[in-house]
Trainee: 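What follows is a single structure, and I will ask about it in a moment.
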Amino acid sequence: MRSNCSTESEQWYIGGMRTLITVILALLFVRGAGAQNAVSFPTEDGGLVYADIYGEGDRGIVLAHGGRFNKESWEKQARVLTSAGYRVLALDFRGYGNSRGPGQSQPMDAPLHLDVLAAVRYLRKTGAKSVSVIGGSMGAGAAGDASIASKPGEIDRLVFLGGAPNGPAEKLKSPTLFIVARDDSSGDGPRLPGIQQKYEKAPLPKTMIVLDGSAHAQYLFQTDQGDRVMREILQFLSAKCPKANCQEE
């Protein structure tokens with residue numbers, strides 16, 4: 001015969017386990033909802049790009065990394081963008097991870113804009129009604145060149161972090177947001193003057209934000225201005241009509 005104490009203990013244990021299981025399932029659901037999916041797609045020059053997809057929806061964003069980064073480096077920003085309702089694709093350029101294609105041994109000289117275009121078209125083919133591109137440094141150059149080579153309307157908006165198109169900026173086909181730190185520099189000297197020249201040639205609408213400090217491109221997210229950078233990006237992407245011509249400091 002079981003005592004009342006034993007019965008109550010068993011009921012407490014069963015109830016506690018049910019609660020624990022419920023909590024675990026809820027956590028798994030939340031984690032699953034934000035989890036990324038691995039995809040791959042071809043480029044028009046015979047390459048193959050691997051990428052991570054975050055979120056769902058018909059508003060797409062391509063994240064194009066810098067030379068010292070890879071697709072995983074965007075995870076935090078990708079999740080913020082996903083929470084704002086975007087479907088985000090973070091790619092590995094050819095020569096990074098498993099991505100491959102002509103020129104992969106020297107990515108800085110490779111046709112990386114074809115990787116960006118392939119990513120944009122993948123999102124379009126899988127349901128995206130709009131696709132914007134955020135590029136950092138090397139990825140900014142590739143994003144800009146992708147806009148120049150794109151069909152009208154393929155790329156809705158462009159965000160350049162510490163970079164600019166390699167090609168003629170006047171041929172950009174998308175509204176642009178340039179974000180750069182005032183003292184950002186390379187072995188060739190300050191980056192701001194060159195980016196400023198590209199910005200001045202870019203067609204309207206366009207916006208340029210010059211931040212204090214020296215952080216380059218994606219490293220901006222690791223500074224105390226990281227939150228502002230993300231707010232500016234979200235505001236630019238969601239605005240019904242981007243600012244016509246604005247430079248902020």
Side-chain angles (χ1 to χ4, degrees), residues 43 45 47 49 62-78 90-117 119 133-149 158-172 174 176-202 206-230 232-233 247-249:
T43 65
D45 65 342
V49 172
V62 172
L63 300 179
H65 65 80
R68 296 185 179 182
F69 293 87
N70 54 24
K71 60 183 173 62
E72 287 81 12
S73 65
W74 290 108
E75 181 177 0
K76 182 178 178 180
Q77 290 76 45
L91 63 85
D92 261 343
F93 281 115
R94 61 187 70 189
Y96 291 79
N98 293 319
S99 296
R100 57 186 182 271
Q104 65 182 39
S105 62
Q106 296 291 334
M108 296 295 290
D109 298 321
L112 300 184
H113 68 286
L114 297 181
D115 299 355
V116 174
L117 280 176
V133 183
I134 302 172
S137 191
M138 179 183 76
D145 292 350
S147 175
I148 293 169
L158 282 171
V159 178
F160 298 111
L161 298 175
N166 299 308
E170 58 270 23
K171 294 186 178 181
L172 290 169
S174 317
T176 53
L177 170 63
F178 290 74
I179 302 178
V180 59
R182 189 184 313 279
D183 298 320
D184 182 357
S185 62
S186 68
D188 297 324
R191 290 188 171 94
L192 180 56
I195 293 174
Q196 178 80 43
Q197 290 178 3
K198 292 282 188 176
Y199 168 76
E200 291 173 354
K201 293 180 180 179
K206 57 185 176 181
T207 302
M208 184 171 187
I209 298 173
V210 181
L211 301 172
D212 290 334
S214 59
H216 178 53
Q218 285 173 256
Y219 288 112
L220 287 166
F221 293 114
Q222 301 176 19
T223 71
D224 58 3
Q225 299 193 86
D227 290 342
R228 181 193 172 185
V229 172
M230 182 54 70
E232 296 286 359
I233 290 172
Q247 181 171 346
E248 300 180 8
E249 298 193 14

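No experiment lies behind these values; they were computed from the predicted model shown.
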Trainee: Can you tell me how far apart OH (Y96) and CG (L91) are? Round to the nearest 0.5 Å.
Mentor: 11.5 Å

Trainee: Could you grab the distance from atom OG of S137 to atom CZ of R68, nearest 0.5 Å is fine?
Mentor: 9.0 Å

Trainee: Where is the tightest heavy-atom contact between L211 and R228, given as atom of each residue plus distance?
Mentor: CD2-NH1, 3.3 Å

Trainee: Please give me the minimum heavy-atom distance between Q218 and G66, naming the atom from each residue.
Mentor: OE1-N, 2.9 Å

Trainee: Are I179 and I233 close enough that some pair of their side-chain heavy atoms sits under 4.5 Å apart?
Mentor: yes

Trainee: Using 0.5 Å steps for rounding, measure from the NZ atom of K71 to the NE2 atom of H65.
Mentor: 9.5 Å

Trainee: For the residue pair F221 and W74, does the interplanar ring angle fall in the parallel (under 30°), tilted (30 to 60°) or perpendicular (over 60°) class?
Mentor: perpendicular

Trainee: In the structure I gave you, are the side-chain heavy atoms of P168 and I148 within less than 4.5 Å of one another anywhere?
Mentor: yes

Trainee: Taking all non-hydrogen atoms of both residues into account, name the closest pair between P111 and D45 and its distance.
Mentor: CG-OD2, 3.7 Å

Trainee: Got a second to check how far N166's CG is from D145's CG, nearest 0.5 Å?
Mentor: 4.5 Å

Trainee: Once you round to the nearest 0.5 Å, how far does NZ of K198 lie from CE of M208?
Mentor: 13.0 Å

Trainee: Looking at every non-hydrogen atom in both residues, tell me the closest pair between A140 and F160 and how far apart they are.
Mentor: O-CE2, 3.3 Å

Trainee: Got a donor-acceptor contact below 3.5 angstrom from the Q104 side chain to the G101 backbone?
Mentor: yes

Trainee: Just so I know, are the side chains of Q225 and L220 near enough to count as touching, which here means a heavy-atom distance under 4.5 Å?
Mentor: no

Trainee: So, does R182 use its side chain to make a donor-acceptor pair with the main chain of G213 at under 3.5 Å?
Mentor: no

Trainee: At what distance, to the nearest 0.5 angstrom, does CG of L177 lie from CG of L158?
Mentor: 10.0 Å

Trainee: I need the minimum non-hydrogen distance between F93 and S99, along with the two atoms involved.
Mentor: O-CB, 3.4 Å

Trainee: Write down the atom of D92, the atom of N70, and the distance for their closest heavy-atom approach.
Mentor: OD1-CB, 3.4 Å

Trainee: Distance alone, cut at 3.5 Å: any donor-acceptor contact between the side chains of H216 and D184?
Mentor: yes

Trainee: Would you check if R94 and L112 make a side-chain contact, meaning some heavy-atom pair closer than 4.5 Å?
Mentor: yes

